[in-house]
Amino acid sequence: LAAGGNLGYRNKKFKADFGSWYSRCKYDYYQDVTEYEDVRTWSGSIEYKPSKHFKLKTRYTYEQLGRDIHTVIFALTQTY
């Protein structure tokens, strides 16, 4: 069982969203297979496109699964 939602805003240069999900069961395959129950995930991202060829993006994720996991990702993308 999983349920969630996401809200967002977008224009030509800027994009933002926020979401939350609940998972009855989640698996982690990092070193061994670990099963977690009653997992709540919150996430948000901001994306800015300063020019036609560059994009900056930041994403934050917070997971509650018996312990708290915070993940932050920064990305700079160049396209041609």
Side-chain angles (χ1 to χ4, degrees):
L1 171 70
N6 196 31
L7 293 172
Y9 170 79
R10 170 192 271 172
N11 65 23
K12 284 185 174 185
K13 291 191 173 247
F14 181 78
K15 178 179 166 185
D17 64 48
F18 173 78
S20 177
W21 299 267
Y22 169 79
S23 300
R24 176 72 179 104
C25 184
K26 183 174 183 176
Y27 294 95
D28 180 7
Y29 298 98
Y30 179 60
Q31 292 179 342
D32 289 325
V33 178
T34 307
E35 180 180 347
Y36 299 101
E37 294 180 353
D38 297 322
V39 179
R40 170 61 88 178
T41 303
W42 304 88
S43 72
S45 69
I46 297 173
E47 186 176 297
Y48 175 64
K49 196 169 184 176
S51 71
K52 184 174 149 181
H53 301 290
F54 289 100
K55 180 170 51 174
L56 301 161
K57 185 172 183 177
T58 301
R59 181 169 185 82
Y60 171 74
T61 304
Y62 170 55
E63 291 183 299
Q64 297 172 306
L65 44 88
R67 66 180 197 268
D68 294 342
I69 298 175
H70 301 269
T71 306
V72 179
I73 298 172
F74 298 100
L76 171 62
T77 307
Q78 180 180 6
T79 56
Y80 297 97

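These numbers come from the heavy atoms of this one structure, side chains and all, not from hydrogens, waters or symmetry mates.
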Under 3.5 Å side-chain donor-acceptor pair for Tyr9 and Asp17: no

Within one Ile-Leu-Val-Met-Phe-Trp-Tyr cluster: Trp42 and Tyr60, side-chain cutoff 4.5 Å: yes

Reported NZ-to-CG distance for the pair Lys57 and Leu76, which is rounded to 0.5 angstrom: 13.0 Å

Close side-chain approach of Tyr27 to Thr34, heavy-atom, < 4.5 Å: no

Side-chain touch Tyr22/Asp38, heavy atoms, less than 4.5 angstrom: yes

Arg67/Tyr36 under side chain to side chain donor-acceptor pair (under 3.5 Å): CA gap, chis, key distance, verdict: CA-CA 10 Å; Arg67 66 180 197 268; Tyr36 299 101; 2.9 Å; yes

Distance (rounded to the nearest 0.5 Å) between Gln64 CD and Thr41 OG1: 8.5 Å

Tyr29 and Gln31: side chain donor to acceptor below 3.5 Å: no

Distance, nearest 0.5 Å, that separates CG of Leu65 from CD of Glu37: 11.5 Å

Residue pair Trp21 / Gly4: nearest heavy atoms and the distance that separates them: CD1-CA, 3.6 Å

Co-membership, hydrophobic cluster, residues Ile69 and Tyr62, 4.5 Å side-chain: no

Between OG on residue Ser43 and CG on residue Asn6, distance to nearest 0.5 Å: 6.5 Å

CG (Leu7) with more than 12 external heavy atoms under 6.0 Å: no

Lys13 side-chain N/O to Pro50 backbone N/O, donor-acceptor pair under 3.5 Å: yes

Contact summary for Phe54 and Lys49, nearest pair of heavy atoms: O-CG, 3.3 Å

